[in-house]
Amino acid sequence: MFIRKLLNVRPHYLVRRWVSTDPLSFQNEKLQGYLESLRQEYYALRVSAAGNTKEYARLSRLDGVVNSLEKHRALQRNITSDQDLAAEKDEDMRALMQEENELYTDLLRKQEDAMLQELLTLADDEVYPALIFEVNAGAGGQEAMLFAQELYDMYTGYFEHMGWEYEEFAHETTDIGGLRHANLLVHDPEAYNWLRYEAGVHRVQRVPATEKSGRIHTSTASITVIPRPADVHVHIAERDLKIETKRASGAGGQHVNTTDSAVRIVHLPTGMAVEAQSERSQLKNRELAIKRLQAKLMQQQLESAEASKQATRKAQQGNLNRNEKIRTYNFVQDRVTDHRVQQGGTLHNLSGFLEGGQQLSGLIERLQLEQRRIKLVELLETWQPIQEAADKN
């Protein structure tokens, strides 16, 4: 029902002329051609996919779309044509045929909703076993760092809500409980498709506790989501490491400043340094520091590859993607607004939203649907039947 409202899908016999221009209407000839190409690809893969992991994965992704398409076509065949209705002389029989047509038309709309949902899911064709999730304080000083900590708590709460495993490999805080930056590794093949659109600038508007005049401050924090492909590995040679030990600092009772348990490791080829002092054992801190170094080196490798892709995309498209705010958290009005969602992008009960549970999940789902729709429309705009593409080439 939600998809139908979002895409403004209407009965074809009411808006036959209008829907022919809607790229996601099932009366659109290009969409029909694209669906038929998927059906042909599906049945070709059923013959050739045996023993080929990549082709079998594609076959599995096409299964839902093609099954929905076959059901849709079966329902269409049951609808009596206008010509046959006009030719029927028996009024009672004609009325019965019209009643059946209304029933099948309603079933067709429901099947179109199901098929559209399968198509939108198919639009997310990137699968990664893990990702690097980064939170950074932006403009706004200490207030920005406090907001960054709230975002960190919200997203880790969301990871737990979704049942994803994650581990932290960098976390720099401030004396008043704020967060300068944090990096986490999230392990789940579904995580990237849910979190990819969370990347960007998040803005907060509120009156800080230290503001005596009651003036509203605006601060920002940023989220970065970097997918980690399955074939990316980082090897660290022992000879490339400079390992130093020192006494731990901070809270910790008698243990602090009595043993050299804190570990600092420098990766000599890159100059990258990491520290670990959260464990009482020097050996455990060393293992933790090595894991953090591996994650940071992997992030550097992934960011380099991503920067290359972004440079290519920018050269092709120009400066289309400006670094704008994607979401505003307004404490004064107790609301959060996602500026990319056309309908349902504003929610209230901000404290509940920041828990990272169902409210955040629901907004991400709407955003995901909106972005999938955009991707599908863009795909259909550039898609050409095989023969037409061959003729152009």
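Owing to the predicted nature of the structure, the values given are computational and were not obtained by experimental measurement.
- Taking 4.5 Å as the limit, some side-chain heavy atom of Y192 sits within range of a side-chain heavy atom of V225.
- The distance between the ring centers of H202 and F147 does not fall below 6.0 angstrom.
- Inspection of the H72 and E112 side chains reveals an N or O donor paired with an N or O acceptor under 3.5 Å.
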Given side chain to side chain donor-acceptor pair (under 3.5 Å), test T220 with R203 step by step and report yes or no. CA-CA 4 Å; T220 62; R203 181 177 71 172; over 6 Å; no
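- When side chains are defined from C-beta on, L179 does not count as touching T174, because their heavy atoms never get closer than 4.5 Å.
- For the 3.5 Å distance criterion, the side chains of S48 and E55 qualify, holding a donor opposite an acceptor.
- A donor atom on one side chain and an acceptor atom on the other are not found under 3.5 Å apart for E99 and N101.
- Residues Y166 and F133 place their aromatic rings such that the two centres sit no closer than 6.0 Å.
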Kindly indicate, with the supporting measurements, whether the criterion side chain to side chain contact (heavy atoms under 4.5 Å, CB included) is fulfilled by L75 and K110. CA-CA 11 Å; L75 287 169; K110 293 178 180 177; over 6 Å; no
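- When each of R340, Q333, R335 is checked for a side chain to side chain donor-acceptor pair (under 3.5 Å) with T337, only R335 meets the rule.
- A donor and an acceptor atom, one from each side chain of Q117 and D113, are nowhere located under 3.5 Å apart.
- Around the OH atom of Y56, the shell of radius 6.0 Å holds no more than 12 heavy atoms that belong to other residues, nucleotides or ligands.
- Aromatic ring centres of W164 and Y158: separated by under 6.0 Å.
- Environment of CE in M272: crowded, with over 12 heavy atoms of neighbouring residues, nucleotides or ligands closer than 6.0 Å.
- Using modelled atom types, one finds a donor on one side chain and an acceptor on the other under 3.5 Å when comparing E172 with H181.
- A salt bridge links R327 with E198; the closest basic N to acidic carboxylate O contact falls under 4.0 Å.
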Verdict with supporting geometry, Q98 and E102, side chain to side chain donor-acceptor pair (under 3.5 Å): CA-CA 6 Å; Q98 289 174 333; E102 290 177 4; over 6 Å; no
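- The shortest distance between side-chain heavy atoms of L131 and I226 does not fall below 4.5 Å.
- Residues N330 and D334 bring no donor and acceptor atom of their side chains to less than 3.5 Å of each other.
- You'll find the side chain of E168 reaches within 4.5 Å of the side chain of Y152, heavy atoms only.
- Heavy-atom neighbours of E165 CD from other residues, nucleotides or ligands within 6.0 Å: at or below the threshold of 12.
- Here the side chain of S361 pairs no donor or acceptor atom with the backbone of Q358 at under 3.5 angstrom.
- Under the 4.0 Å criterion applied to side-chain N and carboxylate O atoms, R73 and E36 are assigned as salt-bridge partners.
- Within 6.0 Å of NZ on K284 lie no more than 12 heavy atoms contributed by other residues, nucleotides or ligands.
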